[in-house]
Amino acid sequence: MIDGWIATLRRRFSQDALFWLCAVTVILLIPILLAVAWRATSIEQAQQDAAQAAMIRSAERRASIQAFALMIKDAESSHRGYLLSGDHAFLRRYEAVTPLVEQRIDQLVLAFSDQPEQQQRLARVRELARERFALMEEVRAVRDERGLTAAGAEVATARGERAMERLRADTDAISAAEARNLGERLRLAQSQTRQARLVSSTSYGLVLAAIALAAVMAFRYTALRTALITRARAEAERRQAIFDSAMDAIITFNPSGGVETMNRAAQEMFGYAPEELTGRDISVLVPEAAGDDALFLERLRHDGDVRAGATCELEARRKDGTTFPVDINFGEMAQPDGVHAVAVMRDCTERRRAELAKSEFVSTVSHELRTPLTSIAGSLGLLAGGAAGALPERAARLIGIAENNSRRLVRLINDILDLEKIDSGKLGLVSKPLDFGDLTQAAVENLGGLSAETGVALAYDPPAEPVMVDGDADRLTQVLTNLLSNAVKFSRRGGVARVRVWPEGRRVRLSVKDDGPGIPPEFQDQIFGRFAQADSSDTRQKGGTGLGLAISKEIVERHGGRIWFESPPGEGATFHVELPARPDVASAPPGDDGVRLLLCEDDPDIAQVLSEALAGHGFRTEIVTTLAAATETLATPGAFDALLLDLRLPDGSGLDLLRRLRADPATRGLPAIIISADAADRAAMASLDLVDWIEKPVDLDRLAAALDQAIDGAAEGPLVLHVDDDPDLRQLVAEAFSGRCRMKSVESLAAARQALSEQTPSLAILDVGLPDGSGLDLLPELHDPSGRPIPVVVFSAQAFDQAALAQAVDAVLVKSRSSLDQLIATVRRLTAVARHSPSPAAGAEA
Ligand code: ADP
């Protein structure tokens, strides 16, 4: 019960509060107990005094009653002497006593005034004394008158004797009663004294106990205090040792920024002795902290993101005035007089130097490796694609191996450069509205080759509606390509990787599910780490770098999304990506850039496949399935750049439509291409002014080249100025564009200026690092004679802050990251845009 009470108390109060409660109780208790004890002692003393006084008074009373009885006896003896002798001398005593009797009895009455029963006895004594003296007076008179014998006879009656007897009995009774009374009074006094003594001794005992308790508490308090002081001293020494042996400078500041303490590293770093710096303002050490704001952390905050707990980089100043960069981390300490701060500083000169060297190295690598790799991969691609004619089977196989490996190398370099950008915070995103469904579709198609090679099917389930996100198309394609290629690489041969995109509330979701071996549980924690591969022999077997997912995660998170995976044992792996949806998903307007084609084809599958394939080449296609719909759609003048026409349509022959179009002045010049299963009809080609007659299955390259030429109106296509100092790349690009455009390839700024003075190109492709300056220096000169800017594509090995560059040019492509096909599609789109609109549209491709 007491334990419970103490436990409750303990819960309510802290140890300290309990201690002080006990101390106050003890301090209050001691005087109270002392007062009680003193009171009890004085009562005891008074009882004893009263008992003593009662004893004295009782003795006096008894003595006076005895004296009275003796006096009577004296008078009797004197009287008897006279009776016997007849000598009057004997009567002297009798006569002296007689007048005193009444007086003595009065005194006795006074002495016993507080005892009524004694008063009665005394009244009787008075009667008997009077009677006795009266008898003695009578006998004396008989002796005087009739002599001894007569007197003897009077005495013999014994009346006197009897009176005397009674009187004696009464005085004895008075005496005895007095003795009894005294006894009772003494007993009472004794018991009261005992009680008072008990109270006083208990109180003194309690006082002693309280003093003992106070002493114990004082002892414990002192012991505890000593232990705490010892511990605090040890702790302070330990901290001081850490403080002094830390390699970083540690300085503490008061709330207004005055230096309080500094460790040895700080003394060495700044060149001050502690006493030179104590009390001086932080701005002596960190010039940026100058100002008159009372709280120095506030002063620093004006200069950037300085806050407690975060590391920031600031300029510091030594005693000799030289400055150096420091990484500084502030911690706050709440003290009674305000918030003090501790700053941990590290000289980061070396780190900065190393970072600079690293980024210089990376930039050199990027420039030196990307350009030749682009040439190698591009040339091998063109060779493999038959650009130099059909290759013997063995050569084709070897070229295939070389192309594969050059792409692997390109991938690795790109991944390393991406990581460098992520680490240096330079991963710029060029965000624009995108249909994530379309983007996924394009990525799935791009992986067709890998999918065919590995025998793994990619099944894409596109969303019913456009799912719009704001994002960087190139970077999101990088994520998609990584996830899809992983799914294809890790699926078993003949398996299916399923890709799905769907809107989910305000988010857009992607899932890529494969039926491969899944992610081993022990590897799941590391999968998004750098160079992470469950099986490092994968690098050789499957051609990965172990960087793809780390980069993808960064890209997705930079888009405000998240990436994760599920891998239940034996069920393959499913990777999920979630991105914020564009707020106006439904109303996203279709882009109006690129070459606009009308495709009139009644087979919906063929129409869809063709439209998607053409989208990859930078053409935007609208599909109609009947002649009537085509006629209606073409009624808007200038809505389309070219017409692709099937011959057999549900409501007639395509040739009829063409004849009508050629008859109408508004559509007479519309380039038209027949796409048909029927063989070419040369006569129709000539009479209907056809650009080409392409038989199904369609050769896309031929179709694209035909469209390029037809749309630009000139037999050789538009004139493109290509400025690049790498001769191989110039040649490769010219090769890739051959048949599509006229290429003017030059190696320097000077040559480019010369070319511009001779002829105005429709578009310029610029490398940035040129022997005589930056390709971007040409920008102010790139306009036609009427002052209209010429579209510019930057095609460089250097990775720029693309967001900033996007403002100045129309597209930015990074060598080795963008394929030649992408370059061609971009050029096609931009020349079409320039044709459609008097002022060029701004946009960027990374
Ligand atoms: P890599 O370029 O090597 O594919 P990633 O970062 O894309 O690099 O993937 C890292 C590792 O994660 C892979 O090497 C593989 O071990 C594992 N991994 C990724 N995707 C899958 C998947 N779909 N199935 C099984 N393992 C996978």
Side-chain angles (χ1 to χ4, degrees), residues 373 377 403-423 427 440 443-444 446-447 449-451 453-461 474-501 509-559 561-578 816-817:
L373 266 177
E403 193 199 1
N404 253 344
N405 281 282
S406 68
R407 293 204 185 288
R408 221 171 100 190
L409 205 50
V410 164
R411 228 173 16 241
L412 177 63
I413 286 179
N414 285 337
D415 283 355
I416 290 174
L417 291 174
D418 280 345
L419 283 183
E420 159 66 19
K421 269 200 231 162
I422 289 168
D423 290 346
L427 186 80
T440 310
V444 168
N446 268 340
L447 280 173
L450 181 65
S451 159
E453 205 177 292
T454 51
V456 176
L458 265 176
Y460 176 46
D461 175 13
D474 229 41
R475 290 297 179 189
L476 289 179
T477 302
Q478 193 178 343
V479 174
L480 286 164
T481 307
N482 177 243
L483 296 183
L484 296 178
S485 64
N486 278 348
V488 170
K489 275 192 306 191
F490 292 99
S491 281
R492 58 186 168 74
R493 210 177 165 76
V496 183
R498 297 185 188 282
V499 187
R500 198 156 87 84
V501 171
R509 286 277 303 275
L510 160 87
S511 72
V512 182
K513 178 170 172 34
D514 63 51
D515 55 4
I519 319 289
E522 67 280 4
F523 180 62
Q524 296 190 352
D525 286 352
Q526 307 153 36
I527 192 160
F528 290 108
R530 294 178 178 185
F531 298 103
Q533 290 183 319
D535 174 0
S536 46
S537 63
D538 279 356
T539 316
R540 263 160 285 123
Q541 278 178 18
K542 318 243 180 204
T545 59
L547 293 171
L549 286 175
I551 297 170
S552 296
K553 182 165 189 284
E554 195 72 32
I555 293 175
V556 169
E557 286 173 358
R558 291 282 309 276
H559 279 82
R562 61 190 187 109
I563 181 169
W564 73 101
F565 66 89
E566 292 164 296
S567 185
E571 291 181 32
T574 308
F575 279 81
H576 300 272
V577 170
E578 193 178 71
S816 82
R817 183 180 297 296

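First listed ligand is number 1; within each ligand, the first listed atom is number 1. As the structure is a computational prediction, the values presented were derived from the model and not from experiment. The figures that follow rest on heavy atoms only: side chains count, while hydrogens, waters and symmetry mates do not.
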Taking the inter-plane angle between the rings of F528 and F575 on a 0 to 90° scale, is it parallel (under 30°), tilted (30 to 60°) or perpendicular (over 60°)?
perpendicular

The atoms of ligand 1 lying under 4.0 Å from a heavy atom of N482, numbered in the order shown, are 7 (O)

Does ligand 1 have an atom that lies less than 4.0 angstrom from a heavy atom of G518?
yes

Does ligand 1 have an atom that lies less than 4.0 angstrom from a heavy atom of G546?
yes

Please verify whether a non-hydrogen atom of R411 lies at under 4.0 Å from ligand 1.
no

K513 atom NZ, over 12 foreign heavy atoms within 6.0 Å
yes

Taking I555 as the fixed residue, which of E557, K553, R558, H559 is the one that meets the side-chain contact (heavy atoms from CB on, under 4.5 Å) rule?
H559

What about P517: any of its N or O atoms under 3.5 Å from an N or O on ligand 1?
no

Min N/O separation F523 to ligand 1 under 3.5 Å:
no

Should L483 and L549 be marked as a side-chain contact (heavy atoms from CB on, under 4.5 Å) after you check the CA-CA gap, both sets of side-chain angles, and the distance that decides it?
CA-CA 8 Å; L483 296 183; L549 286 175; 3.7 Å; yes

Any non-hydrogen atom of F565 lying under 4.0 Å from ligand 1?
no

Out of L547, L549, D514, I527, who gets a non-hydrogen atom closest to atom 22 (C) of ligand 1?
D514

Okay, side chain of R493, backbone of T454: is any donor-acceptor separation there less than 3.5 Å?
yes

Are side-chain N/O atoms of D418 and Q478 paired as donor and acceptor at under 3.5 Å?
yes

